[in-house]
Each structure stands twice: as structure tokens, then as C-alpha cells.
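Keep in mind that this is a model prediction, so the values were computed, not measured. If you read the sequence from its start, that first residue is 1, and numbering goes on from there. Atoms considered below: every heavy atom in the structure, side chains included; atoms not considered: hydrogens, waters and symmetry mates.
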Amino acid sequence: MSTSLTETLLAPSRRDTVVDTLVGVIDAEVAGKRGVGGAIIKTAYGAVKKVNDGVVRRAVNGMLPDAAASLQPLWDARGDQTFGAYLTSHGDQAADALLSVSDTRAANPRHAAIATIYNGVRPKAKQHVVEALPRLGTAIETLAS
């Protein structure tokens with residue numbers, strides 16, 4: 001019997017590594033942003049981290065079960081493609097699945113300031129998530145192997 005992506009990513013023996021890896025994906029994506037839009041994302045990300053040190057790690061850890069569940073159907077449908085390539089070819093579906101998780105969390109924030117920052121960058125979030133899908137898919141495939 002095979003283990004689902006969700007079970008693999010949430011396994012207690014892997015969870016810290018999964019969270020650290022996904023925070024690294026976010027950090028790398030933010031660092032790679034360019035131009036005015038990139039400056040806005042970098043500023044917002046820096047502000048979130050300033051509001052509460054460790055908030056990104058805690059948010060990733062808290063959203064991991066729902067994010068993994070939202071990616072499970074895509075994982076199951078990937079066939080012989082790498083997960084990064086599959087996510088990229090299904091960018092709208094993958095981004096919408098992931099953003100539904102963060103939108104739900106932002107609707108009931110623990111920190112009003114962080115929700116305000118999120119809502120400020122949310123209109124362009126889908127574009128940024130789509131751009132991150134190759135790196136995210138590669139990281140998840142590595143974590144699941």
C-alpha cells in the first residue's frame with residue numbers, strides 16, 4: 001500500500017524538514033523577485049517577519065495539512081511528469097488550491113497586522129504562486145521520495 005503525499009509530508013519524522021524546506025522555497029522565491037513588484041513583495045515579507053519572528057515557519061507548519069491535502073489530487077494525477085512540471089502545466093488549478101488555504105487562514109488571523117499585509121499583496125498573489133510552482137514542485141517531489 002502506498003503512502004499518500006499528505007501522509008508523507010505530515011509524518012512526524014519528516015515534518016520539521018518539510019517545513020524548513022518549504023520556508024526555504026518561500027525565502028528563495030521572495031529573494032528572486034525583481035522590479036517594483038518584487039520590491040513590494042520583499043517589503044511585505046520583511047514586514048511580516050518583523051511583526052513576529054518565526055511567523056513564516058509557524059504559518060507554513062500550520063497550513064501544511066491543508067496545503068498538502070490541496071495538492072494531493074495534483075500529485076495523484078501527475079503521471080510520469082515531474083511534480084514541478086505538472087504543477088506548472090496546471091498553474092491556475094495549483095495556485096487556486098494553495099491560495100484557498102492561505103485565504104482561509106487570512107480570514108481568521110491571529111495577527112491583524114499580518115492579515116492586513118496579506119490582503120495588500122493578495123491581488124497579485126496568484127501570479128507569484130504560479131511563478132513559484134516549479135521550485136515548489138521540485139521541493140515537494142524531493143521531500144516525498
Side-chain angles (χ1 to χ4, degrees), residues 1-34 37-38 40-49 51-52 54-145:
M1 179 174 191
S2 67
T3 303
S4 73
L5 177 67
T6 303
E7 291 169 328
T8 299
L9 296 180
L10 299 178
S13 62
R14 291 182 181 223
R15 184 131 181 187
D16 285 341
T17 300
V18 169
V19 170
D20 290 342
T21 299
L22 296 177
V23 169
V25 167
I26 295 166
D27 288 344
E29 286 295 321
V30 170
K33 296 296 177 191
R34 301 287 178 250
I40 291 168
I41 293 297
K42 288 177 182 179
T43 300
Y45 191 62
V48 165
K49 291 169 81 173
V51 167
N52 189 328
V55 70
V56 175
R57 188 176 200 297
R58 285 191 297 279
V60 168
N61 188 51
M63 289 189 286
L64 184 58
D66 292 335
S70 76
L71 291 173
Q72 184 70 55
L74 295 159
W75 177 262
D76 292 341
R78 75 189 185 288
D80 292 335
Q81 288 184 4
T82 66
F83 197 44
Y86 187 80
L87 289 180
T88 300
S89 67
H90 293 81
D92 283 343
Q93 181 185 1
D96 289 342
L98 291 168
L99 286 169
S100 72
V101 175
S102 57
D103 288 347
T104 298
R105 186 160 178 125
N108 298 300
R110 291 186 183 157
H111 302 284
I114 293 172
T116 299
I117 295 165
Y118 176 80
N119 290 329
V121 298
R122 178 58 176 93
K124 296 277 188 178
K126 187 170 183 176
Q127 169 191 334
H128 295 294
V129 172
V130 167
E131 291 170 0
L133 292 173
R135 187 184 313 236
L136 176 64
T138 299
I140 289 172
E141 192 158 35
T142 300
L143 290 164
S145 62

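- The nearest pair of heavy atoms linking Leu22 to Leu136 is CD2-CD1, 3.7 Å.
- Applying the side-chain hydrogen bond (donor to acceptor under 3.5 Å, both in side chains) test to Gln81 and every residue at least two apart in sequence or in another chain returns nothing.
- Here the closest heavy-atom approach between residue Leu87 and residue Gly137 is recorded as CD1-CA, 3.7 Å.
- Every residue two or more places apart in sequence or in another chain was checked for a side-chain hydrogen bond (donor to acceptor under 3.5 Å, both in side chains) with Thr88, and none qualifies.
- When all heavy atoms of Ala144 and Thr8 are compared, the pair lying nearest together is CA-CG2, 3.8 Å.
- Every pair passing ring pair (Phe, Tyr, Trp, His ring centres under 6.0 Å) that includes a residue from residues 60-80 is listed here, sequence neighbours excluded: Trp75-Phe83.
- In this structure Ala95 satisfies the side chain to side chain contact (heavy atoms under 4.5 Å, CB included) test together with Lys126, Val129, Val130, sequence neighbours excluded.
- The two residues Thr6 and Gln72 make their nearest non-hydrogen contact at N-OE1, 3.0 Å.
- Atoms CG and CG, from Leu71 and Asp66 in turn, are 11.0 Å apart once rounded to the nearest 0.5 Å.
- Each side chain to side chain donor-acceptor pair (under 3.5 Å) pair with one or both residues in residues 134-143, not counting sequence neighbours, appears once here: Glu29-Arg135.
- Sorted by first and then second residue, the salt bridge (Lys or Arg N to Asp or Glu O under 4.0 Å) pairs with a member in residues 8-19 read Asp16-Arg57; sequence neighbours excluded.
- Counting all heavy atoms, side chain and backbone alike, Gly91 lies closest to Leu133 at CA-CD1, 3.6 Å.
- The nearest pair of heavy atoms linking Ala31 to Arg34 is O-NH1, 3.2 Å.
- Annotation: the span from His90 atom NE2 to Asp96 atom CG amounts to 13.0 Å, rounded to 0.5 Å.
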